[in-house]
Amino acid sequence: MFLEFFGGIFAVLFVIVYGYFWHRSRFFTRRGIPGPKPTSVFNGNLRELQVNRTPFNSAMLKWEKQYGKTFGYLEGGQKVVCTSDLGILHDVFGRKFENFHSRKPIHVFPFDPDTDERVNVFTSRGLRWKRLRALTSPSFGIPKLRNMQWTMLDTTKKVVELLEDLEGQEINMAKWLLESSTDVIDRIAFGKPECGVGKEQNPVTKIIRAFFDPAPFYENPIINFYSSTFEFQHWTIYFHKILLKFKGSPLTQLAAQLIQTIEEKREKQVKKQEKKKLAEKQFEEGETSALLKKDDEYEDFVDLFLNCEASEEDLKSIEKTQERYGLAKAKIEKRLSDQEIISMCSVLMLAGVDTTATAMSCLCYNLAAHPDAQRTLHAEIDDFIHSEADIHMDNVNNMKYLDWCIKESMRVLPFAAGANSRICMKTCEVGEQKLKMEAGMTIVANVWSIHLDKKLWGEDAEQFIPERWDPDADRLPKDPYAYQPFGLGPRQCMGMKFGLLEIKLMYCHLLKRFEICRNEKTKCDMAGIIVCGPHDVYVTLKRRTPMTYTDKNKLLL
């Protein structure tokens, strides 16, 4: 009798739970939105999206052919609308941004962007995002980049020197470019004092790979559970916190390193202020030798974030946003907390390394596969770069063909397309067809389809042709939303200029010395659950001309 009673309760609970998930699996059917039938009532279409670790774009392109430009599917509990309709995207990323100010989470682990102290500019939303963006965006401005370029140059120079010993061999450039990008961010975001490329593999590289290229979610029972119960994050977050206490997280290693770095930076700032006050006092007493010289000490992101402060204009803008949307009044801090600095530096390490390295790897493949374009780029580099002293931010940013090559590579291989997504925060209609987006639904831009659309880019849309970016050729789409490698609207990637500068400096060093040649192993197999890119790009480097080295202090400013 006892077993029968509890057996009956279990059966009823099972029916209720299964009934809920079955009802959820028919979400788009009930709303008349076309799309693939979920293969599982629990994890929806995850298996089709992530089969064999192929990038999401493969399934999205297939589904678009079947269901049209706009369709719906389920990533576990996330109700996703995928579209290549530029009219819809104009509303979501631009015109109606106030209804779509939250990003779709990269990982499905429970996380509350409104209350979690670990929030950063990528994961935050609403006023928290507005504040963090206002505080941190000046750190990516031209004056700061001008200072950071010396670190990029030092690392890229040493990487290219190491590659000299591998001339004529089959080289996996993807691994070298990943190590280079990791070293740059490790130095700029974490304050690492010197280049570590060529010594031992940076342990952070493994953390980044594990984060951006995990096993398919449906293969991991824990991730599968969190993915399937996405809408219950407010409850499952407690299980996740317990799990972290037992298993830990590789990200805690980064946090521990940053805590120590922040403490050291603060001590230096205190000593700096004391020295400044002493010099000012001595100057007032008539000691002219105590005049303060300009402080040229290098600043990394920890320095910048410790010193950043929101302007009165930014604070007033945030307060107006509170009033406009009837949001709860809250004290707006003018400076970043230590935890926010840790979170910002961590996201820079994660996002800044893999995306930049992948962009460089894709460009490497495209140049190897298109020797005519590479010869044209060599000619431009030879015109602009006569010695190492000519490789600096102002010069490389004036190189048009280099810019066209990078843009075209990111168009034909949009590796970070998964980040072009938003969560609907307030029910509204979007696009000419008045598609109803309900609060809680997610919308994803089908970037691969847009970037390769022959109606937008011409019959040669799938080909790598840098010359299409020549404004005199009149080959570019009129709609700016036709190209979106760094996202769209107010939440466009704030590290865009940083990443592009690193790429340009690397390729000016690399192509001044070498020709990138194809070999039997040269291919570009795009894969990845989050960032989509090649793990291996094998090429052979052929010597061109030696570089004349000049001390960085003699470089043009």
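- Nearest heavy-atom pair across D183 and G196 is OD1-N, 2.8 Å.
- For the pair T540/R518, no side-chain contact is recorded, criterion being any heavy-atom separation below 4.5 Å from C-beta on.
- L377 has its side chain within reach of C405: a pair of non-hydrogen atoms, C-beta onward, lies under 4.5 Å apart.
- Relative orientation of the Y481 and F93 rings is perpendicular, given thresholds of 30° and 60° on the angle between their planes.
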Side-chain donor-acceptor distances from residues 410-419 under 3.5 Å, at least two apart:
{"unit_1": "R411", "atom_1": "NE", "unit_2": "E408", "atom_2": "OE1", "d": "3.0"}
{"unit_1": "R411", "atom_1": "NH1", "unit_2": "H451", "atom_2": "O", "d": "2.7"}
{"unit_1": "R411", "atom_1": "NH1", "unit_2": "A461", "atom_2": "O", "d": "2.7"}
{"unit_1": "R411", "atom_1": "NH2", "unit_2": "E408", "atom_2": "OE2", "d": "2.9"}
{"unit_1": "R411", "atom_1": "NH2", "unit_2": "A461", "atom_2": "O", "d": "2.8"}
{"unit_1": "R411", "atom_1": "NH2", "unit_2": "Q463", "atom_2": "O", "d": "3.0"}

Inset, instruction - Determine, step by step, whether R187 and E194 satisfy the salt bridge (charged side-chain N to carboxylate O under 4.0 Å, His left out) criterion, reporting the C-alpha distance in whole Å, the side-chain angles of both residues, the deciding distance to 0.1 Å, and the verdict. - result: CA-CA 7 Å; R187 298 174 69 181; E194 59 184 19; over 6 Å; no

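- The aromatic rings of F498 and F140 sit perpendicular to each other, their planes meeting at more than 60°, with 30° as the lower class boundary.
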Inset, instruction - Tell me, with the steps shown, if E380 and T376 meet side-chain hydrogen bond (donor to acceptor under 3.5 Å, both in side chains). - result: CA-CA 6 Å; E380 181 181 64; T376 303; over 6 Å; no

Inset, instruction - Begin from the C-alpha positions of E167 and R543 and carry the test salt bridge (charged side-chain N to carboxylate O under 4.0 Å, His left out) through to its verdict. - result: CA-CA 7 Å; E167 181 193 357; R543 168 84 63 178; 3.8 Å; yes

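- To the nearest 0.5 Å, the span separating NE2 on H378 from CD1 on I385 amounts to 12.5 Å.
- With hydrogens and angles disregarded, no donor-acceptor distance shorter than 3.5 Å links the side chain of N395 to the backbone of I391.
- Contact annotation: the side chain of L456 approaches that of L86 to within less than 4.5 Å [non-hydrogen atoms, C-beta and beyond].
- A donor and an acceptor atom, one from each side chain of D479 and H90, are located under 3.5 Å apart.
- Considering CG of D354 and OG1 of T182, their distance stands at 8.5 Å, rounded to 0.5 Å.
- Considering only heavy atoms from C-beta on, I465 comes within 4.5 Å of R475 through its side chain.
- In this structure, the side chain of R468 engages the main chain of W457 through a donor-acceptor pair within 3.5 Å.
- Residues M526 and P534 have side chains in contact (heavy-atom distance under 4.5 Å, counting atoms from C-beta outward).
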Inset, instruction - Could you check R375 against D372 for salt bridge (charged side-chain N to carboxylate O under 4.0 Å, His left out), going step by step and ending with a plain yes or no? - result: CA-CA 5 Å; R375 278 191 287 271; D372 288 343; 2.2 Å; yes

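- Of the possible donor and acceptor atoms, none in the side chain of S181 sits under 3.5 Å from a partner among the backbone N and O of L177.
- Here the closest heavy-atom approach between residue P138 and residue K144 is recorded as O-CG, 3.4 Å.
- Looking at heavy atoms from C-beta onward, W469 lies in side-chain contact with Y483 at the 4.5 angstrom threshold.
- Within the 3.5 Å criterion, the main-chain N or O of H386 finds a donor-acceptor partner in the side chain of D390.
- Residue I171 holds its CD1 atom at 4.0 Å from CG of L541, rounded to the nearest 0.5 Å.
- Residues F122 and R103 are in side-chain contact: their nearest non-hydrogen atoms beyond the backbone lie under 4.5 Å apart.
- Around the NZ atom of K158, the shell of radius 6.0 Å holds more than 12 heavy atoms that belong to other residues, nucleotides or ligands.
- Of the possible polar contacts, none joining the N420 side chain to the V444 backbone as a donor-acceptor pair under 3.5 Å is found.
- Without hydrogens or angle criteria, T356 side chain to G352 main chain gives a donor-acceptor distance under 3.5 Å.
- Taking CG of L163 as the start and CD of Q169 as the end, the distance is 10.5 Å to the nearest 0.5 Å.
- If you take SG on C508 and CZ on F384, they are separated by 9.5 Å, rounding to the nearest 0.5 Å.
- In this structure, R491 is not positioned above the aromatic face of F97 in the sense of NZ or CZ being under 6.0 Å from the six-membered ring centre and within 45° of the axis.
- For the pair M506 and S180, the tightest heavy-atom approach, listed with the atom from each and the gap, is CE-OG, 3.3 Å.
- To the nearest 0.5 Å, atom CZ of residue R125 and atom CD1 of residue I423 are 6.0 Å apart.
- Between N172 and K175, the closest side-chain pair of non-hydrogen atoms falls below 4.5 Å.
- One N or O on the side chain of T156 and one on the backbone of L153 form a donor-acceptor pair closer than 3.5 Å.
- In terms of modelled atom types and a separation under 3.5 Å, the side chain of D403 and the main chain of M399 share no donor-acceptor contact.
- Listed for the Y507 side chain is a donor-acceptor partner under 3.5 Å among the backbone atoms of M360.
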Inset, instruction - Could you check K512 against D382 for salt bridge (charged side-chain N to carboxylate O under 4.0 Å, His left out), going step by step and ending with a plain yes or no? - result: CA-CA 7 Å; K512 185 63 181 179; D382 289 345; 3.1 Å; yes

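- A search for side-chain hydrogen bond (donor to acceptor under 3.5 Å, both in side chains) contacts involving R118 returns D116, not counting sequence neighbours.
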